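Note that the structure is a prediction, hence the values are computed from the model and not measured.
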Amino acid sequence: MKNRTTAEWLRSRGVGGLGLGFIFCAGLVMVLSIWGPEKLAVYKDREILNVIHEEAMETAGEGYRYTLNANEKLYILSRCLDSQFLSENGQNMDYQELGGTYAFVINHRGPSGKEITDEQIYETVNEGIAALKEPGILPDTVRDVEQASYDAVLYSAIDVLEPRNNVAVWKVSLSDSQRNADKANRLIDAYIDADEGKIYEFYVRTSLQWEDIEPDEVARKWSEYMGLSTPQLYEPDNPLLETTPYFKKYIFTGMGEEQTVVTIGFYEGINELFLKISK
């Protein structure tokens with residue numbers, strides 16, 4: 001008997017064309033399942049090995065979330081100032097040791113290269129004072145600061161649960177050595193954005209009286225200077241929130257549904273005008 005091909009033998013056993021096609025496909029799938037992955041791995045290796053690939057990555061050690069807008073930064077700072085925490089020896093603790101949601105701690109590492117430096121901060125404060133004088137937020141009589149008479153400390157305001165949400169600020173204060181000096185028309189305290197140099201909060205002695213001040217205009221112009229949303233008048237339920245009867249409060253949008261309160265006030269007797277932020 002002559003040798004028959006596999007196909008003839010299968011047909012003799014009743015396997016038709018469709019059956020032959022099915023058997024052929026099954027065999028092809030089996031071969032590909034064995035041989036395919038190895039060849040595909042070799043092909044992918046040729047694409048990856050010895051080729052430089054660039055990929056944008058977030059570094060855990062980076063301390064700044066640069067996407068924070070002005071209202072969000074103001075909100076974080078306000079919460080941190082309200083949550084200041086000192087250890088028993090009077091030194092600010094590291095934020096990782098704190099149990100609260102927000103922390104305001106001394107930045108012992110100093111400027112990272114992106115913030116205003118120790119040498120630049122006093123010039124920056126004077127530029128900020130000039131910027132506040134121009135629209136009438138501060139009177140022209142306020143004097144520039146001198147390095148010899150002021151102390152400057154760099155702080156980090158940190159959202160402890162989301163540490164990348166943080167704001168670096170300089171606190172510039174009239175030095176204790178100037179306690180008995182003439183404070184008329186002088187800056188007493190201020191918080192300055194360590195990136196942009198804008199003044200968040202200030203206490204300043206002036207020659208003005210409360211009736212000379214238009215708080216609604218001060219709030220509006222300061223919000224424009226800071227790049228904030230439009231302020232809304234806020235009337236607290238408790239009129240004894242401040243230690244002075246001369247004040248007005250305003251609300252700014254914060255993060256999510258939260259808000260920031262900005263108070264513009266005046267201490268009679270010492271003629272001190274202030275703008276402070278709180279939650």
Side-chain angles (χ1 to χ4, degrees), residues 68-78 81 115-116 120-147 149-150 152 157 167-174 183-236 242 244-254 259-268 270-279:
L68 289 173
N69 62 39
N71 283 72
E72 291 171 332
K73 292 172 73 173
L74 183 72
Y75 173 76
I76 290 173
L77 179 58
S78 72
L81 290 177
E115 299 96 357
I116 296 163
Q120 298 169 330
I121 184 58
Y122 297 100
E123 180 181 354
T124 300
V125 173
N126 287 330
E127 291 173 352
I129 290 174
L132 294 180
K133 287 180 180 180
E134 185 175 352
I137 298 171
L138 290 180
D140 291 334
T141 54
V142 176
R143 294 185 279 171
D144 285 351
V145 303
E146 310 89 16
Q147 183 172 351
S149 302
Y150 285 82
V167 184
V169 294
W170 281 97
K171 182 180 181 181
V172 175
S173 306
L174 188 64
K183 298 182 178 65
N185 296 306
R186 300 188 74 170
L187 180 74
I188 305 301
D189 285 299
Y191 286 104
I192 298 95
D193 188 288
D195 295 321
E196 300 178 4
K198 292 187 176 181
I199 298 178
Y200 283 109
E201 182 174 298
F202 61 80
Y203 293 78
V204 61
R205 302 287 175 90
T206 79
S207 57
L208 299 177
Q209 298 296 323
W210 178 245
E211 54 267 23
D212 301 321
I213 300 166
E214 299 181 16
D216 292 347
E217 280 299 290
V218 172
R220 183 182 65 80
K221 292 175 180 177
W222 178 78
S223 66
E224 292 176 354
Y225 157 78
M226 292 296 300
L228 298 166
S229 59
T230 303
Q232 302 297 321
L233 185 63
Y234 170 58
E235 296 183 0
E242 301 296 331
T244 173
Y246 307 112
F247 69 90
K248 289 189 78 170
K249 291 182 178 287
Y250 303 86
I251 290 177
F252 291 84
T253 57
Q259 297 175 321
T260 305
V261 177
V262 171
T263 305
I264 297 169
F266 184 81
Y267 293 123
E268 191 177 32
I270 59 174
N271 285 29
E272 186 167 292
L273 171 66
F274 66 86
L275 185 152
K276 71 175 183 179
I277 59 177
S278 59
K279 64 178 182 179

**Report entry** For the student: nearest non-hydrogen atoms of A190 and I192, plus distance
**Finding:** O-CD1, 3.7 Å

**Report entry** Check: L275 and T263 side chains under 4.5 Å, non-hydrogen atoms
**Finding:** no

Report task. Determine, stepwise, if the pair D189 / K171 fulfils side-chain contact (heavy atoms from CB on, under 4.5 Å). Result -> CA-CA 7 Å; D189 285 299; K171 182 180 181 181; 3.9 Å; yes

Query - Side-chain donor-acceptor contact under 3.5 Å, Y122 with D144 - result: no

Requested in this report: Taking atom CD of E134 as the centre, report whether more than 12 heavy atoms of other residues, nucleotides or ligands fall under 6.0 Å from it.
Outcome: no

Query - Side-chain touch K249/P236, heavy atoms, less than 4.5 angstrom - result: yes

Requested in this report: Can you run down the side chain to side chain donor-acceptor pair (under 3.5 Å) pairs that involve residues 270-279, sequence neighbours left out, and say none if there aren't any?
Outcome: R205-E272, E242-K276

**Report entry** Minimum side-chain heavy-atom gap F252-T230 below 4.5 Å
**Finding:** no

**Report entry** Test side-chain contact (heavy atoms from CB on, under 4.5 Å) applied to V172 and I121, step by step
**Finding:** CA-CA 9 Å; V172 175; I121 184 58; 3.9 Å; yes

Query raised in the report: Is there side-chain contact between W222 and L228, with heavy atoms separated by less than 4.5 Å?
Result: yes

Report summary line: Closest non-hydrogen atoms of L208 and F266, given as atom of the first, atom of the second and distance, are O-CZ, 3.2 Å

Requested in this report: Answer yes or no: are there more than 12 heavy-atom neighbours, outside Q209 itself, under 6.0 Å from its atom CD?
Outcome: yes

Query raised in the report: Is it true that a side-chain atom of E72 and a backbone atom of N69 form a donor plus acceptor pair closer than 3.5 Å?
Result: yes

Requested in this report: With the side chain counted from C-beta on, respond yes when Y267 and F274 share a heavy-atom pair under 4.5 Å apart, and no when they do not.
Outcome: yes

Would you list the atom pairs, donor with acceptor, under 3.5 Å between side chains in residues 197-204 and any protein atom, with sequence neighbours excluded?
residue, atom, partner, partner atom, Å
K198, NZ, Y225, O, 2.8
Y200, OH, D193, OD2, 2.5
E201, OE1, I277, N, 3.0

Query - Evaluation steps, side-chain contact (heavy atoms from CB on, under 4.5 Å), between L81 and Y191 - result: CA-CA 10 Å; L81 290 177; Y191 286 104; 3.8 Å; yes

Query raised in the report: Any sub-3.5 Å donor-acceptor pair from Y250's side-chain atoms to D216's backbone N or O?
Result: yes

Report summary line: Interatomic distance, CG@L273 vs OG1@T206, rounded to 0.5 Å, equals 6.0 Å

Query raised in the report: Is there side-chain contact between L174 and R186, with at least one heavy-atom pair below 4.5 Å?
Result: yes

Query - Heavy-atom pair of closest approach, residues P215 and I264 - result: O-CD1, 3.5 Å

Query raised in the report: So, R143 side chain and A184 main chain: donor-acceptor pair closer than 3.5 Å or not?
Result: yes

**Report entry** E211, CD atom: more than 12 neighbouring heavy atoms under 6.0 Å
**Finding:** yes

Query raised in the report: Where is the tightest heavy-atom contact between S223 and P231, given as atom of each residue plus distance?
Result: OG-CD, 3.6 Å

Query raised in the report: In Å, rounded to the nearest 0.5 Å, how long is the span from CG of L68 to CG of L74?
Result: 11.5 Å

Requested in this report: Please examine the side chains of I251 and Q259, heavy atoms only from C-beta on, and report whether any two atoms are closer than 4.5 Å.
Outcome: yes

Report task. Give the minimum heavy-atom separation between K248 and W210, together with the two atoms involved. Result -> N-CH2, 4.4 Å

Requested in this report: Give, for atom CD1 of I137 and atom CD1 of I213, the distance between the pair rounded to the nearest 0.5 Å.
Outcome: 12.5 Å

Query - E224 and K221 ion-paired at < 4.0 Å - result: no

Query raised in the report: Taking the side chain from N126 and the backbone from V145, do they hold a donor-acceptor pair closer than 3.5 Å?
Result: yes

Report summary line: In short, N71 meets S229 closest at the heavy-atom pair ND2-OG, 2.9 Å

